[in-house]
> 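Have a look at this one.
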Amino acid sequence: MLNTEPHAQAGSTRPRSAPARLVLFVGAELRPDSALSDALGRDGVRCLWLAGTEQAVRAARLAHFDAVVIDGTLVDGAAGHTLAEMRVVLHCPVLVLADGADEIDEIVALELGADAFLVQPVLPRRLRAHLAALMRRPPPRSDGGPSLTRAGWTLEPLRRALVDGSREVPLTEAQSLLLQCLFDAGGALVARARLLAALPHGEALRARSVDVYISRLRQRLRDEGVAGFAIEAVRGRGFVLRSAGPVPAQAPAQAQAQARAA
């Protein structure tokens with residue numbers, strides 16, 4: 001884990017024409033030590049540390065952050081809201097640090113909006129390199145792609161939502177991208193490899209990950225009572241979007257159990 005020495009002061013030696021970038025660390029165990037803060041300071045990066053997600057959400061409404069590093073133990077709870085705030089409102093890259101996490105934990109973090117996922121312990125220079133890479137990424141496209149309609153539901157990629165009249169079902173980035181692939185296919189089979197390539201960090205995920213993502217997407221549609229289409233698996237090949245009737249919603253506990261068993 002990162003040490004808990006006081007982090008760097010707010011001052012910066014960078015010229016005014018190149019203001020320091022600001023990285024937020026969130027989590028009781030993620031307070032950056034002086035060595036990491038000094039190293040990031042040489043890159044023109046200032047560190048801000050907050051212990052909890054509620055504080056991070058408030059800070060996100062008051063300041064611009066260039067990147068966020070969040071404790072993976074927070075991701076299953078209130079951090080889902082925090083990640084959404086950072087990604088959707090501020091378009092800020094998010095890196096999750098977790099202890100002994102498995103692939104399901106990584107998928108959950110990426111679905112909630114994380115841009116990168118590292119398992120602790122991590123060397124400071126590796127963390128520094130990942131942060132630098134995240135902050136070099138160009139901002140996301142503003143057009144989000146065209147809207148797509150199926151069975152009365154319109155997929156709005158820019159808003160990451162399914163819309164039916166006055167109803168709006170928010171989606172994660174991964175869920176929106178998967179549905180866009182399926183909608184684009186017009187009822188034809190979409191291979192697992194195509195879906196995998198559409199996901200964030202698709203090259204780093206295994207084919208099995210697609211099944212987990214699809215399982216969670218199906219559950220999301222059930223929970224929201226989305227009717228008119230369903231995602232069906234074609235054994236050994238991929239998935240297809242077919243017309244279907246309403247699917248009964250399931251209890252949250254059952255939904256979580258199914259997502260982890262998928």
> With a 4.5 Å limit on heavy-atom distance, are the side chains of V45 and L131 in contact?
no
> Indicate if L30 and M135 have the same hydrophobic cluster label, given that clusters are the connected sets of ILVMFWY residues with side-chain heavy-atom separations under 4.5 angstrom.
yes
> Could you state the interatomic distance from CD1 (I214) to CD (Q219), rounded to the nearest 0.5 Å?
13.5 Å
> Can you list the residues that meet the side chain to side chain donor-acceptor pair (under 3.5 Å) rule with R220, with sequence neighbours excluded?
E224
> Report the residues that fulfil side chain to side chain donor-acceptor pair (under 3.5 Å) with R128, sequence neighbours left out, ordered by chain and then residue number.
D43
> Work out which heavy atom in V122 is nearest to a heavy atom in L127; give both atom names and the distance.
CG2-N, 4.1 Å
> Quick one: closest heavy-atom pair of R218 and A233, and the distance?
NH2-N, 3.3 Å
> Do you know the tightest heavy-atom contact between H64 and L22?
O-CD2, 3.8 Å
> Hydrophobic clusters here meaning ILVMFWY residues chained together by side-chain heavy-atom distances under 4.5 Å, can you tell me if F229 and V163 are in one?
no
> Using a 4.5 Å cut-off on heavy atoms from C-beta on, say whether the side chain of F25 contacts that of L36.
yes
> Could you check Q175 against L221 for side chain to side chain contact (heavy atoms under 4.5 Å, CB included), going step by step and ending with a plain yes or no?
CA-CA 10 Å; Q175 290 167 351; L221 299 178; over 6 Å; no
> State, with a plain yes or no, whether a side-chain heavy atom of L179 is found less than 4.5 Å away from one of W153.
no
> Nearest 0.5 Å, please: how far is CG in L155 from CG in L182?
10.0 Å
> Do V190 and F239 have side-chain heavy atoms sitting under 4.5 Å apart?
no
> Say you draw a straight line from CZ of R192 to CG of D211; how long is it, rounded to the nearest 0.5 Å?
4.0 Å
> Mind checking the CG-OG1 spacing from L178 to T172? Nearest 0.5 Å is all I need.
8.0 Å
> Do you see a donor-acceptor pair shorter than 3.5 Å between the side chains of Q180 and D184?
no
> Taking atom CZ as the centre, does R167 end up with more than 12 heavy-atom neighbours from other residues, nucleotides or ligands that are less than 6.0 angstrom away?
yes
> Quick one: which of V94, L97, V68 gives a side-chain contact (heavy atoms from CB on, under 4.5 Å) with V26?
V68
> Minimum heavy-atom separation for P32 and W49, please, with both atom names.
CD-CB, 4.0 Å
> Can you see which heavy atom on D99 is nearest to which on Q120, and at what distance?
OD1-CB, 2.9 Å
> If you group Ile, Leu, Val, Met, Phe, Trp and Tyr whenever their side-chain heavy atoms sit less than 4.5 Å apart, what else falls in with V234?
L189, V240
> Compare every heavy atom of V96 with every heavy atom of G72, then report the nearest pair and how far apart it is.
CA-CG1, 3.6 Å
